[in-house]
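Single-structure report; data block below.
Lettering follows sequence order; numbering is per chain, from 1.
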Protein chains: 2
Amino acid sequence: MAEPDERVRDMRADVHSWPTGRLLSVAARLVEGRFDAVLAELDLTHAGMITLHHVVREPLAQRELAVLCRVTDQTMSRTTERLERSGFIRRYSDDRDRRRTLVAITPAGRKVLKTARREERESDVLLGAVDDYDRFREQLIALIAVVTDQGGFAE
Amino acid sequence: MAEPDERVRDMRADVHSWPTGRLLSVAARLVEGRFDAVLAELDLTHAGMITLHHVVREPLAQRELAVLCRVTDQTMSRTTERLERSGFIRRYSDDRDRRRTLVAITPAGRKVLKTARREERESDVLLGAVDDYDRFREQLIALIAVVTDQGGFAE
DNA sequence: TGCAGATGTTCAGCTTGCTGAACAAACCCT
DNA sequence: AGGGTTTGTTCAGCAAGCTGAACATCTGCA
């Protein structure tokens, strides 16, 4: 590994001056990235995993899924398309409202979700970086709630 | 605004069961999203803003910038291309090592960065969602440092 | 009944992440 | 000096965000 030069050495100091949004973005990328190889092995993605998580209990319409996953309808459309291609969900149109596409998890979907969750839990050990992990998560959740309500989304 | 149905109403509860990476990802998207319109007005993006931030002091090679911004060289290549197109930076090859492309900020770049920072600081008020904002940021930074070191990046 | 507006999904096209591969320039070692 | 390796950048192509627009279906009201 190459010796970083002077400018690169003060990386940690530098990041202090970043806006919070960018800190969140980088942290998300790095944390999710740690797990990408495992998911790829399973033919799954982070977006797909959360989507599966939401249809475990009962089939949902794509729009409902989009709201739950905090993405646009268009993004959810592509995510479900990919999940269907992989055989993890089935899509069918609602008899009572044929505009709606219902999404139901398949046995393969349940299985892969279970595996992914187990492996994720195991790799989560490294998050000892954060002192009070539960509080940190609560703050993230509070942040999401506030921004969601205050017009960041679905206002 | 439509009345959310039952399943959608327990959104806040649901998010508690998400993996931390996904929480970070959604939070990042929502927080950065609040500011997208302002940046678009300035012909700037979040990625571009952080890049400008790093060349304010002195010109840097693209690879150095990539390390500082925590992105791959390829991503930085495209980001600087866009910044150059907008006139916020100038790229030129290093005389002493003609493999390197040096990136220097332009007067227009300094100006737009200043404006973006001011507007961002103002809009940051809403982050009162988090109790101990400084501690929260410190934890994000610690997380980034740990994951960066432990092979999430440049190992 | 029939038409206007609301709703759910998809299509097209953009940005910004990523990886893998290509390529030129520089470095190093004999 | 020459040739293999390293280094810095770019190209190609994929995933998953986004917006705007198109399209089909449903709802509601005259």
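A:Gln74 contributes a side-chain N or O that forms a donor-acceptor pair with the base of D:dG20 under 3.5 Å. Scanning atom types as modelled, no donor and acceptor separated by under 3.5 angstrom connect the side chain of A:Arg99 and the base of C:dT9.
For the OP1/OP2 pair of C:dG17 and a distance below 4.0 Å, the side-chain nitrogens and oxygens of A:Arg22 include at least one atom meeting the criterion. OP1 or OP2 of D:dT10 sits under 4.0 Å from a side-chain N or O of B:Ser77. Applying the 4.0 Å criterion to OP1 and OP2 of C:dT9, one finds that A:Arg100 has every side-chain N and O outside that range. For the OP1/OP2 pair of D:dA15 and a distance below 4.0 Å, the side-chain nitrogens and oxygens of A:Arg78 include no atom meeting the criterion. Distances shorter than 4.0 Å separate some side-chain N or O of A:Thr45 from OP1 or OP2 on D:dA16. Remark: B:Arg91 is in phosphate contact with D:dT10, judged by side-chain N or O atoms under 4.0 Å from OP1 or OP2. When the side-chain nitrogen and oxygen atoms of A:Arg98 are compared with OP1 and OP2 of D:dA24, none of them lie within a distance under 4.0 Å.
When A:Val31, A:Leu24, A:Val26 are each tested for a side chain to side chain contact (heavy atoms under 4.5 Å, CB included) with B:Ile144, only one passes: A:Val26. For the salt bridge (Lys or Arg N to Asp or Glu O under 4.0 Å) test with A:Asp43, the passing option among A:Lys111, A:Arg85, A:Arg82 is A:Arg82; the others fail.
To the nearest angstrom, C1' of D:dT9 lies 16 Å from CG of B:Leu60. Separating the CZ atom of B:Arg85 from the C1' atom of D:dT10 is a distance of 15 Å, rounded to the nearest angstrom. Protein atom OH of B:Tyr92 is 12 Å distant from nucleotide atom P of D:dT9, rounded to whole Å. The CG-C1' distance, from B:Leu39 to D:dC18, rounds to 14 Å in whole Å. Spacing between atom CG of A:Leu24 and atom P of D:dG17 amounts to 16 Å, rounded to whole angstrom units. Rounding to whole angstrom units, CZ of residue B:Arg82 and C1' of C:dG17 are separated by 15 Å.
Nucleic acid contact class of B:Arg63 (heavy atoms, under 4.0 Å, all strands): base. In this structure, B:Asp97 reaches the sugar-phosphate backbone alone: every heavy-atom distance under 4.0 Å involves primed, P, OP1 or OP2 atoms, never a base. Nucleic acid contact for A:Thr75: base, since at least one base atom lies under 4.0 Å from a heavy atom of the residue.
Residues A:Gly48 and B:Met76 both approach DNA chain D. Their nearest nucleotides, taken by heavy-atom distance, put B:Met76 toward the 5′ side.
Salt bridge annotation for B:Glu84-B:Arg90: absent, with no cationic side-chain nitrogen under 4.0 angstrom from a carboxylate oxygen.
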